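A quick write-up on the structure given underneath.
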2 protein chains.
Amino acid sequence: MARSRAKDYDDKRLSMLHRSAELFAASGYVGTSMNTIADACGVSKALLYHYYPDKEAILFDILSSHLAKLLAALRKASAQAGDPAARFRTIVATLLELYRHADAEHQVQISSLKLLPKDKQQPLLASERILVGIMSDALAAAVPAAKQKRVLKPLTMSIFGMLNWHYMWFREGGPMTRAEYAGFVAQLVLAGADDAAAAATRPRGKAKSAGRSRQAELL
Amino acid sequence: MARSRAKDYDDKRLSMLHRSAELFAASGYVGTSMNTIADACGVSKALLYHYYPDKEAILFDILSSHLAKLLAALRKASAQAGDPAARFRTIVATLLELYRHADAEHQVQISSLKLLPKDKQQPLLASERILVGIMSDALAAAVPAAKQKRVLKPLTMSIFGMLNWHYMWFREGGPMTRAEYAGFVAQLVLAGADDAAAAATRPRGKAKSAGRSRQAELL
DNA sequence: CCTACCGATCGGTAGG
DNA sequence: CCTACCGATCGGTAGG
């Protein structure tokens, strides 16, 4: 029964990984002891050390499996057929949907990735950069202004800002569904980015309204 | 010389507070020891305990003085004369400008406020709620769609998402100045929010372009 | 304002 | 001889 044993082993490992992420998210990485993790997972500390050589390996596994999931899904979404705007919308919706059960992993990524030694950070940061690149490429195809070099990065990071901040306030059963909020963010960008890019070239300008600045852009 | 003694005391306290925020931002609250803080500030641990009764008091002071600064500046900005769009732009620019020298405090707010006991969190969360309220009010006045109850919170939090995420990527000397990025964010919202609000009512819709969805909104 | 410490708890490992 | 695990405890360091 080596096969089913291995499966149990992996199920248990994944469940321990998620529980650890929840504890790290709530109390911080250093603030969560191996004893606490073991207790919360209902295993002995010795068993915990059977799965992971040390605490750092747990943190690394949380982040690398989280980022691997995001990367696989966004690669798939960005390869879909259809026009650039639809592809951009799909990428935004896919990312927000992936966050549904990964709030803890997401918070750990934000606040604890930097606690790893540099050499363990490196492959994780590389994955993050690829994710950003997928979003940037989709934007450059879907939004005219995003083709300007000075606009692409701020616009890309604005979208990650909106999506990556959602864990702070978004609640299931709130004013919008998850899919609705994804549509909201995507459309905010599709409808507003060109105007925003024009506005950012003259930050001291006293444009009286969005309408006026839209006209200015069209000149 | 009680006066200048008091001044020195306060200068020293503020400088220790900022240095502590930097250490907390880099290594986490639990991951930063009182010995490390004392060494980094060039004082003995005993002197550190002369300024603060315990480690928790340092964290609380970092957050409460940071939030007090934000609150005072945003109250002033929201009281300015002018049309609603200009006031909204000013609020966004003010917030981003305040973040210029407060990256560490900002990161500590995001990742360590929750480590305080509930009763110490409470006044800080109340300040955060007032900040959100100032932004919401400015939005409701400047953006037609923001008057819809289901739109106001997601839109408000999208703006905080963009602004509060900037520490992750924004660098002085990058593609945009701070003021330019503030103008970019404000205009993205002013030009795109009404479209976005319309899009979020039918997230599965396959609108072919921003133009089409703008028309749909006007019907 | 320092050195010398404390009770407790940390991450990690022993024997079986 | 291996793996999967346990109760107990190691040497060092934390906040105070």
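Since the structure is predicted, the reported quantities are computational estimates derived from the model, not experimental observations. Below, chain A is the first sequence line, B the second, and so on; all start at residue 1.
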Check against salt bridge (Lys or Arg N to Asp or Glu O under 4.0 Å), A:Asp61 and A:Arg13 | CA-CA 10 Å; A:Asp61 201 8; A:Arg13 192 181 58 80; 2.7 Å; yes
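- Along DNA chain D, the nucleotide closest to A:Asn35 and the one closest to A:Val43 are compared, and the more 5′ of them pairs with A:Val43.
- For the side-chain contact (heavy atoms from CB on, under 4.5 Å) with A:Gln121, the qualifying choice from A:Leu116, A:Leu63, A:Leu115 is A:Leu116, the only one to do so.
- The stretch residues 53-79 of chain A participates, sequence neighbours left out, in no ring pair (Phe, Tyr, Trp, His ring centres under 6.0 Å) pair at all.
- A:Leu48 places its CG atom 10 Å from the P atom of C:dG11, with the value rounded to the nearest Å.
- Taking for each of B:Leu47 and A:Lys55 the nucleotide of DNA chain C with the nearest heavy atom, the 5'-most of the two is the partner of B:Leu47.
- In this view, A:His106 and A:Tyr99, A:Tyr167 satisfy the ring pair (Phe, Tyr, Trp, His ring centres under 6.0 Å) rule, not counting sequence neighbours.
- Defined by atom type and a distance below 3.5 Å, a donor-acceptor pair is present between the side-chain atoms of B:Tyr181 and A:Ser158.
- Atom CZ in A:Arg13 sits about 13 Å away from atom P in D:dA4, given to the nearest Å.
- Look at CD1 on B:Ile58: it is 10 Å from P on D:dG15, rounded to the nearest Å.
- Following rounding to the nearest Å, A:Asp54 (CG) and D:dC10 (P) show an atom-to-atom distance of 22 Å.
- Heavy-atom distances under 4.0 Å link DNA chain C to no residue of residues 17-34 of chain B.
- For residues 97-126 of chain A, the pairs satisfying salt bridge (charged side-chain N to carboxylate O under 4.0 Å, His left out) are A:Glu56-A:Lys120, A:Glu97-A:Arg100, A:Arg100-A:Glu172, with sequence neighbours left out.
- No side-chain donor from either of B:Thr32 and B:Ser27 sits under 3.5 Å from a side-chain acceptor of the other.
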Evaluate side chain to side chain contact (heavy atoms under 4.5 Å, CB included) for A:Trp169 paired with B:Val132, printing each intermediate quantity in order.
-> CA-CA 11 Å; A:Trp169 64 275; B:Val132 170; over 6 Å; no
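- Remark: P of D:dT13 and NZ of B:Lys45 are 13 Å apart, rounded to the nearest angstrom.
- Distance B:Tyr52 OH to D:dG15 C1': 17 Å, rounded to the nearest Å.
- The listed nucleotides are D:dC5, C:dC10, D:dG16; the one nearest the side chain of A:Tyr51 is D:dC5.
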Secondary structure of DNA chain D per the Watson-Crick/G-U criterion (both distances under 3.5 Å; [ ] crossing, | other strand, . unpaired) is .....|.|.||.|.||
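- Taking only side-chain nitrogens and oxygens, A:His50 never comes nearer than 4.0 Å to OP1 or OP2 of D:dC5.
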With a 3.5 Å cut-off and sequence neighbours excluded, list the donor-acceptor pairs that the side chains of residues 124-131 of chain A form with protein atoms.
from, atom 1, to, atom 2, distance (Å)
A:Ser127, OG, A:Pro123, O, 3.3
A:Glu128, OE2, A:Gln109, NE2, 2.9

